[in-house]
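One structure is given below, represented as structure tokens, and several questions about it will come after.
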Amino acid sequence: MFETWPLLSLVIWTPIVGGMLVLATGGDKNASEARVLALLVAIITFALSIPLYTEFNTAKGSMQFIEHAEWMSLGDLRLYYHLGVDGISMPLIVLTTFITVIVVIAGWEVIKYKAAQYMAAFLIMEGLMVGVFSALDAALFYVFWEALLIPMFLVIGVWGGPNRVYATIKFFLYTFLGSVFMLVAFIYMANKTGNFEILQLHSLKLTMQEQMFIFVAFLLAFAVKVPMWPVHTWLPDAHVEAPTGGSVVLAAIMLKLGAYGFLRFSLPITPDASQELAWLMITLSLIAVVYIGFVALVQQDMKKLIAYSSISHMGFVTLGFFIVWAIYDKTTENTEMIITGINGGVVQMISHGFISGAMFLVVGVMYDRIHSRQIADYGGVANTMPTFAAFAVLFAMANAGLPGTSGFVGEFLVIMAAFKANPWFAFLAATTLIVGAAYTLWMVKRVFFGEVANDKVKALKDINSREFFFLSVLAVMVLFFGLYPAPLLEVMDESVENLVRHILQPKIPL
Amino acid sequence: MPSVYLWIVLAPLIGSIIAGLFGKVIGRSGAHWVTIIGVGISCLLSLVVFKHHVMDGGAVYNDSVYIWLETEGIKFHIGFLVDNLTAMMMVVVTFVSLMVHIYTIGYMHDDPGYQRFFSYISLFTFSMLMLVMSNNFLQLFFGWEAVGLVSYLLIGFWFKKSTATFANLKAFLINRVGDFGFILGIAAVLMYFGSLDYKTVFENVDKVSGLQMEVIEGVSWSVMTFICIGLFIGAMGKSAQVPLHVWLPDSMEGPTPISALIHAATMVTAGIFMVARMSPLYELSESALLFVMFIGATTALFMGFLGLVQNDIKRVVAYSTLSQLGYMTAALGASAYAAGIFHLMTHAFFKALLFLGAGSVIIAMHHEQDMRKMGGLRKYMPITWITSLIGSLALIGTPFFAGFYSKDSIILAVGNSDLNSWVQSYAYYALLAGVFFTALYSFRMYFMVFHGKERMDEHTRSHLHETPWVVTVPLIALAIPSIFIGAYFVEDMVFGDFFKSAIYVAPAHDVLASLPKDDWLSMVTHAVPFSMPFILALAGVVVAWFFWMKRPDIPAMLEEKFKWLHTLLVEKYYADHLYIKLIAPFGRWLGDKLWRWGDVKIIDGAIVNGSAKTVGFVASKVRNIQTGFLYTYAFTMIVGLVVLIAVFVYGWDKIISTLG
């Protein structure tokens with residue numbers, strides 16, 4: 001029944017239009033109407049995104065649910081409203097619509113100040129993020145990509161913590177500075193092809209020098225978003241200042257934009273430059289895993305700790321992507337480990353969406369009660385909030401990559417592939433088994449275990465049914481994809497294979 | 001048959017989920033009933049499986065349950081491999097678990113976390129079964145980490161105690177160090193065999209056995225050695241071998257039933273089981289075997305010493321567990337896998353018995369664990385006394401008792417091993433010496449607890465009585481196999497072909513086959529009265545009796561005279577210091593420096609804020625107008641953007657020529 005529906009457009013525009021309607025409910029006196037409406041919009045959007053999964057043809061590696069229309073012309077350049085998804089972007093879209101529902105519920109009674117505007121910002125952000133994941137026209141992609149900054153900027157700036165001005169400016173400048181170069185690269189290539197069609201860019205011949213420039217331009221945009229070391233320092237500040245919902249969206253989805261960019265642009269458009277600079281990317285990824293892991297160990301602020309942990313986990317994603325050539329050098333005809341590495345990276349993106357989202361919600365639940373993110377202000381929370389503590393330990397274990405949780409799957413696949421590339425890559429990446437467990441469980445120990453630390457902890461009330469609901473939904477997802485990740489892999493396998501075929505084809509004109 | 005295997009693992013899992021999620025609804029007795037029924041079903045069916053495979057010679061079962069994931073043709077399964085080795089492990093695990101479930105009713109009687117506890121131990125049973133029944137490395141790792149998780153939860157069960165939460169974090173992290181090696185070993189298996197299924201891997205060992213790999217340039221390693229040592233590092237964590245042993249004594253912070261189940265009978269033997277399961281790989285690397293033997297023998301002897309200076313009843317048993325695990329490991333190194341597994345089995349029964357016996361004493365003593373405050377308990381708790389005596393006799397290797405057969409086989413095997421290296425003679429003498437010290441510390445404990453002066457206070461003494469039947473019945477049920485199971489299985493397991501295809505031993509290494517064939521009776525007649533192990537064990541008991549019953553002044557005097565040695569032992573060779581005072585602070589120091597210097601000072605301080613300040617400074621000088629920061633930056637960016645677009649689109653040359 002969905003064949004004739006413009007599903008992607010619906011998933012993009014429903015929340016954006018819905019967000020406008022929520023805004024229209026006006027001031028705080030209509031807050032409850034705004035919340036109900038926002039939840040309704042989020043649920044409808046989520047429901048609309050479900051057929052993307054159920055109707056998806058897993059045997060096809062190419063784009064599906066395509067929508068194509070003339071948008072505008074700029075001189076000789078044609079811009080299209082071109083949407084479509086493959087097995088890589090589709091799961092990310094469903095993740096986005098899912099997380100948005102969670103975020104709306106998580107902000108329910110907590111956000112009292114300008115509730116309508118808060119909800120609207122997240123809905124609009126949702127539509128824009130789906131737009132980024134489904135745009136097949138680079139100009140369209142860029143519009144969504146940059147537009148996304150505004151609602152996030154507002155979320156941190158309006159509902160953020162005391163140091164929010166510094167954080168928002170840092171966030172905005174870092175990401176904006178990065179993306180500007182990406183735009184330049186797009187324009188340069190569009191001058192050659194006459195349009196911004198991403199799939200045409202994939203087969204555009206480019207000299208090594210051109211590829212190098214374009215790769216670096218992309219790198220600046222995407223590395224900041226991932227974020228990769230050393231352009232990561234905006235993230236801990238942004239997380240610390242952002243309200244819980246902002247942190248959840250930031251960690252669960254925004255960070256994936258950068259990694260997605262590498263897959264959609266850098267690797268297939270500039271494969272030769274990617275190969276040339278793979279050593280740099282692998283080094284940066286491994287620094288992220290190891291260095292950031294140690295940095296996370298000494299954080300006193302829970303949100304900062306989780307933010308650093310996110311950077312470290314995203315290191316696995318970029319590692320999985322850029323070990324392609326190190327593996328290819330060893331076995332040219334056998335691509336299964338190359339695909340395994342990229343699959344691992346993509347699984348890690350999805351899984352990290354659930355786990356980091358859950359971790360920030362866990363901190364949020366406590367912050368709503370005690371208004372502190374400092375580990376030192378807690379202790380023995382398990383005494384007063386036993387149900388909550390059970391969830392927290394589960395998510396912490398997932399964060400530490402325990403098998404049986406989704407956190408294990410991506411790390412496992414990437415370590416397997418990395419070993420093939422070079423045992424040392426696997427050696428360094430696998431240190432996360434120890435360090436990741438150390439920083440996560442040490443925090444758990446200090447926050448949840450022990451005697452009740454102070455009167456504030458003593459007065460804590462265990463989670464209410466609303467909190468129980470969103471934590472248990474996430475717990476189910478984390479366990480499901482840990483115990484049975486096959487459906488996820490089935491969706492992406494063909495598309496990744498298709499991508500790898502592109503990557504392994506030199507694009508330098510003869 | 002397949003559904004039987006599925007039910008064996010699912011029954012405890014279902015029990016665990018019900019007790020865990022609906023503990024409040026079903027109440028305390030509901031929780032213990034549902035879990036006991038689950039584990040009971042599992043135990044009964046395991047016996048059926050044991051009969052099918054071992055008694056009736058049923059064919060090896062190897063099939064997948066579902067595909068966990070598939071990436072580009074590489075399939076990762078969840079599946080079961082059931083042969084005689086698995087069947088035996090299943091019976092041991094479910095039987096001990098069932099006993100511990102029953103015992104827990106008594107031990108945790110007054111604990112507010114009653115339901116949670118039952119949920120955890122059933123979850124543990126599920127995880128352990130998944131581990132031993134796995135037919136591939138991935139599921140092995142799943143089970144491996146899952147038992148680690150439950151161990152973490154149970155050591156920290158009393159989470160208010162800071163010692164408990166310290167111990168469980170330590171246990172988890174040290175195990176993760178082992179898992180680090182383990183996962184690299186698994187990665188090497190996947191790379192060289194292209195599959196993680198045991199069957200495929202074992203069938204292709206010949207193709208890989210000759211391969212070399214260069215991890216460090218110029219140094220070439222045998223792939224097999226790399227794989228075996230990687231996997232064994234995992235085993236060292238889980239089975240608490242030196243130097244990854246430090247977590248096990250501290251794990252005694254958890255309630256006693258789990259010390260018996262997890263930290264004595266089952267989980268800690270996972271490493272032994274794993275190496276035996278991987279025998280087709282280990283047989284191809286003598287370097288790995290020697291490494292295994294060295295670590296095992298070292299653990300066996302040096303951990304035994306530590307049992308001598310402990311005063312906490314559970315810690316004595318814990319060090320004895322470490323030492324016995326060392327014996328098993330040494331047997332693996334000698335390619336006597338069957339002897340190692342045999343000892344694993346007998347040890348599971350008598351060590352669980354000793355722990356539960358210690359727990360029974362602890363209940364009677366109102367949770368006092370210091371042996372210096374006990375003594376003469378045999379009058380008050382006869383069942384605990386007799387069963388503990390049986391456990392101790394089995395542990396030290398008294399003829400006819402279970403431990404005698406397994407431990408003697410190990411010592412014989414290591415003594416006759418063909419591995420031509422100093423390691424072999426070192427291991428042999430270490431294990432022999434270990435026999436004396438095992439007897440010494442075991443009977444030191446036995447005498448201090450059950451004999452001699454009653455050193456407890458009057459209040460405790462007036463309340464002393466035998467523990468309830470839920471405690472004593474498991475003791476009796478474990479005492480029976482602690483006596484007979486060795487004699488019953490020794491011919492088959494050690495000298496016969498009990499394990500069939502499950503364990504592979506290269507003909508050149510087959511030390512057990514080279515031993516003279518014995519049966520349960522002739523083994524005793526060969527040992528008594530002149531074999532070294534027998535004499536040493538006897539001497540240990542006599543010395544223990546003389547030191548702690550007759551002349552307690554002598555150990556006190558020795559302690560005084562060899563103060564440094566005593567301190568060294570009390571401080572556990574300072575191994576904890578290495579981790580707690582050196583490695584952990586180094587990690588924190590490194591993290592702190594990387595953060596404060598790398599992130600805060602260099603990246604943020606110098607580069608980010610520095611360039612922001614420079615831009616701001618330049619802008620303010622040039623324009624001398626007050627603007628908001630954001631506009632300044634946006635303006636600079638737009639200027640930069642225009643320049644860049646120009647450069648990209650028209651090229652440097654054209655711009656320069658236009659300008660020029």
Side-chain angles (χ1 to χ4, degrees), chain A residues 169-170 172-173 176-177 180-181 183-185 187-188 191 213 230 233 291 294-299 335-337 339-340 343 380 382-383 397 402-404 409 412-413 415-416 419-420 423-424 426-427 430-431 433-435 437-438 441-442 445 448-451 484-486 488-490 493 497, chain B residues 66-74 138 141-142 144-146 149 152-153 156 159-162 164-166 168-169 172-173 176-177 179-180 183-184 186-188 190-191 194 213 215 587-588 590-592 594-595 598-599 602-604 607-608 612 629-630 633-634 637 640-641 644-645 648-649:
Chain A
I169 291 184
K170 202 168 170 183
F172 188 86
L173 288 179
F176 187 63
L177 188 70
V180 159
F181 293 96
L183 178 62
V184 175
I187 293 172
Y188 178 79
N191 259 328
F213 274 114
T233 58
Y291 169 119
F294 278 103
V295 172
L297 195 59
V298 294
Q299 298 307 313
T335 55
E336 58 191 22
M337 271 322 205
I339 294 171
T340 300
N343 273 340
N383 293 297
M397 282 294 170
L402 191 83
V409 187
F412 171 75
L413 292 177
I415 289 174
M416 293 296 124
F419 193 87
K420 179 111 180 177
W424 286 108
F427 181 89
T431 55
L433 241 60
I434 304 164
V435 182
L441 297 183
W442 191 29
K445 172 180 184 287
F448 290 96
F449 298 149
E451 295 281 358
Y484 189 47
L488 194 55
L489 269 291
E490 195 185 321
D493 210 37
E497 203 185 322
Chain B
Y66 70 91
I67 294 179
W68 182 66
L69 71 74
E70 181 178 355
T71 157
E72 193 51 24
I74 310 176
L138 178 83
F141 192 70
F142 261 70
W144 195 263
E145 290 263 300
L149 165 74
Y152 168 84
L153 293 172
F159 58 80
K160 286 184 202 179
K161 267 168 66 185
S162 62
T165 56
F166 175 79
N168 77 344
L169 185 61
F172 199 87
L173 293 183
R176 272 292 170 106
V177 175
D179 296 346
F180 170 76
I183 203 160
L184 292 179
I186 291 176
L190 182 63
M191 173 169 166
M213 61 192 285
V215 178
R588 286 197 299 270
L590 184 67
D592 195 60
L594 289 175
W595 180 44
D599 269 35
I602 298 174
I603 298 175
D604 264 5
I607 301 171
V608 178
F629 272 115
L630 200 55
Y633 300 134
M637 276 180 202
L641 182 62
L644 271 164
I645 290 177
F648 265 95
V649 175

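Note on naming: letters A, B, ... go to the chains in the order of the sequence lines (proteins, then strands), and numbering restarts at 1 for each one.
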Taking all heavy atoms of B:T71 and all of A:L489, pick out the closest pair and write down the distance. CB-CD1, 4.2 Å
Does any part of the side chain of B:L138, heavy atoms only, come nearer than 4.5 Å to the side chain of A:F412, both counted from C-beta?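 In contact.
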Is any side-chain heavy atom of A:L413 closer than 4.5 Å to a side-chain heavy atom of B:L69? yes
Pairing residues for B:K160 by the side-chain hydrogen bond (donor to acceptor under 3.5 Å, both in side chains) criterion, not counting sequence neighbours: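 Here no residue qualifies.
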Between B:A187 and A:I415, the two heavy atoms sitting closest are CB-O, 4.4 Å
For a quick test of reading the model, state the closest non-hydrogen atom pair linking A:Y484 to B:I67 and the distance between them.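 Here A:Y484 and B:I67 meet closest at CE1-O, 3.4 Å.
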Taking the side chain as every heavy atom from C-beta outward, state whether A:F419 and B:I186 have any pair of such atoms under 4.5 Å apart. no
Looking at side-chain heavy atoms only, is the closest gap between B:I74 and A:M337 below 4.5 Å?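 Counting from C-beta outward, B:I74 and A:M337 do come under 4.5 Å.
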For the residue pair A:F449 and B:Y152, does the interplanar ring angle fall in the parallel (under 30°), tilted (30 to 60°) or perpendicular (over 60°) class? tilted
I'd like to check A:K445 versus B:N168 (side-chain heavy atoms, cut-off strictly below 4.5 Å). Are they in contact? no
I want to check something: taking the side chain as every heavy atom from C-beta on, are B:W595 and A:F294 in contact at a cut-off of under 4.5 Å? no
With chain B as the partner, which of A:P485, A:G404, A:A486 has the greatest number of non-hydrogen pairs under 4.5 Å?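 Top option by heavy-atom pairs under 4.5 Å: A:P485.
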Residue list, side-chain hydrogen bond (donor to acceptor under 3.5 Å, both in side chains) with B:T165, at least two apart or on another chain: none
What part of B:F141 lies closer than 4.5 angstrom to a heavy atom of chain A: side chain, backbone, both or neither? both
